[in-house]
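Report on one structure; see the data block that follows.
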Amino acid sequence: MAKLESISKPAGFLAPVGRASQKIHVEEAHSCGEFLAGKGSEIICTAPNGEVGVALIAGALATGGEVQVYSDPDHKGITKPVGAECIQVEKDATQICLAKIGHMWVMPPAFADLERYLKVWVMSGYRPLVCLSPRDEFLLLRGFVEEIVSAGSPKAAERLIFARSAKEGWEKLSELLD
């Protein structure tokens, strides 16, 4: 399990693939990006493959935030966000990003995204994971997810943060990392 890092370490994020299921998800991702940039948190991520991820990056960039986007040869046809530092790598971009971040932010997923979210979180060494859930999208899964994670790694469950807003998530993340 990865050691807990300072809240000042860069943030990573996970977002649904493809088109957003609701316009509000794009707006909330944009607001989350603005909030993280306003807190001075640099964002490091792989090339976004959906509207929600692009919106989060756009929000950070709109408020002067710093964003590094890593892409590898397997990420074909992905739009590189204008204003972000785009870095082409030959290795797995996900591994590179996970090595640089201290915590991750997760936007509400489509069902198909859940397996990818879990896989990346495990690959990260169970870094703190802030699950944004303005309309209870994650809260409905909370007990189920915590029970499964607790069975395999009780300490990892302590790193799951469920919040209705980026501000609430930041406050809970600050408490965990202090």
Side-chain angles (χ1 to χ4, degrees), residues 2 4-21 25-110 112-134 137-138 159-161 163 165-166 169-170 173 177:
L4 292 176
E5 303 275 356
S6 164
I7 200 165
S8 64
K9 285 279 287 192
F13 72 87
L14 294 168
V17 172
R19 292 191 55 84
S21 60
H25 291 155
V26 173
E27 293 165 0
E28 289 165 351
H30 194 277
S31 293
C32 180
E34 290 175 335
F35 180 85
L36 290 173
K39 289 294 187 180
S41 187
E42 178 182 8
I43 295 172
I44 294 180
C45 59
T46 59
N49 52 8
E51 285 182 310
V52 175
V54 169
L56 192 143
I57 291 170
L61 293 171
T63 54
E66 293 181 40
V67 179
Q68 286 184 355
V69 177
Y70 288 81
S71 63
D72 56 49
D74 294 335
H75 283 119
K76 293 179 175 65
I78 294 177
T79 304
K80 307 250 182 351
V82 175
E85 180 183 359
C86 297
I87 303 161
Q88 183 76 33
V89 294
E90 295 302 319
K91 299 187 246 176
D92 179 15
T94 301
Q95 290 288 358
I96 292 169
C97 292
L98 292 176
K100 294 176 178 279
I101 64 169
H103 46 92
M104 290 191 300
W105 293 71
V106 184
M107 306 311 292
D113 297 303
L114 289 173
E115 181 180 0
R116 177 175 55 88
Y117 282 16
L118 181 60
K119 179 181 172 188
V120 172
W121 188 50
V122 170
M123 285 172 48
S124 81
Y126 301 102
R127 280 183 172 65
L129 187 70
V130 180
C131 302
L132 293 180
S133 185
E137 298 92 344
F138 278 114
R159 295 177 175 201
L160 280 170
I161 297 168
S165 69
W170 188 266
L173 181 62
L177 298 178

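Note that this is a predicted model, so its numbers are computed, not measured.
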Kindly write out the residues that satisfy side-chain hydrogen bond (donor to acceptor under 3.5 Å, both in side chains) with E85, not counting sequence neighbours, or none if the list is empty. Q68

Set of side-chain hydrogen bond (donor to acceptor under 3.5 Å, both in side chains) partners for S21, sequence neighbours left out: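 Expected list: H25.
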
So which heavy atom on [X] is nearest to which on [Y], and how close?
{"X": "A11", "Y": "S41", "answer": "CB-OG, 3.6 Å"}
{"X": "A84", "Y": "L61", "answer": "N-CD1, 3.7 Å"}
{"X": "I57", "Y": "V69", "answer": "CD1-CG2, 4.2 Å"}
{"X": "G169", "Y": "V130", "answer": "CA-CG1, 3.8 Å"}
{"X": "C32", "Y": "L132", "answer": "SG-CD1, 3.6 Å"}
{"X": "C45", "Y": "V67", "answer": "SG-CG1, 4.4 Å"}

Passes side-chain contact (heavy atoms from CB on, under 4.5 Å), L14 versus W121? Steps please. CA-CA 9 Å; L14 294 168; W121 188 50; 5.5 Å; no

[X] side, atom [atom1]; [Y] side, atom [atom2] - distance, nearest 0.5 Å:
{"X": "T94", "Y": "K119", "atom1": "OG1", "atom2": "NZ", "answer": "8.0 Å"}
{"X": "T46", "Y": "F13", "atom1": "OG1", "atom2": "CZ", "answer": "7.0 Å"}
{"X": "E51", "Y": "L56", "atom1": "CD", "atom2": "CG", "answer": "13.5 Å"}

Any residue meeting side chain to side chain contact (heavy atoms under 4.5 Å, CB included) with [X], in chain and number order, not counting sequence neighbours:
{"X": "K39", "result": "F35, W170"}
{"X": "S8", "result": "S6"}
{"X": "E66", "result": "E42"}

Is there a side-chain contact (heavy atoms from CB on, under 4.5 Å) between I96 and I87 once you walk through the steps? CA-CA 11 Å; I96 292 169; I87 303 161; over 6 Å; no

Neighbour count above 12 (heavy atom, 6.0 Å) for R116 CZ: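 Yes - once you tally the heavy atoms of other residues, nucleotides and ligands closer than 6.0 Å, there are more than 12.
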
All N/O donor-acceptor pairs, side-chain side in residues 97-109, below 3.5 Å, sequence neighbours left out:
| unit_1 | atom_1 | unit_2 | atom_2 | d |
| --- | --- | --- | --- | --- |
| H103 | ND1 | W105 | NE1 | 3.1 |
| H103 | NE2 | I7 | O | 3.3 |
| H103 | NE2 | K9 | O | 3.3 |

Is the side chain of D113 donor-acceptor paired with the backbone N or O of V17 at a distance under 3.5 Å, no angle test?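 Checked: pair present.
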
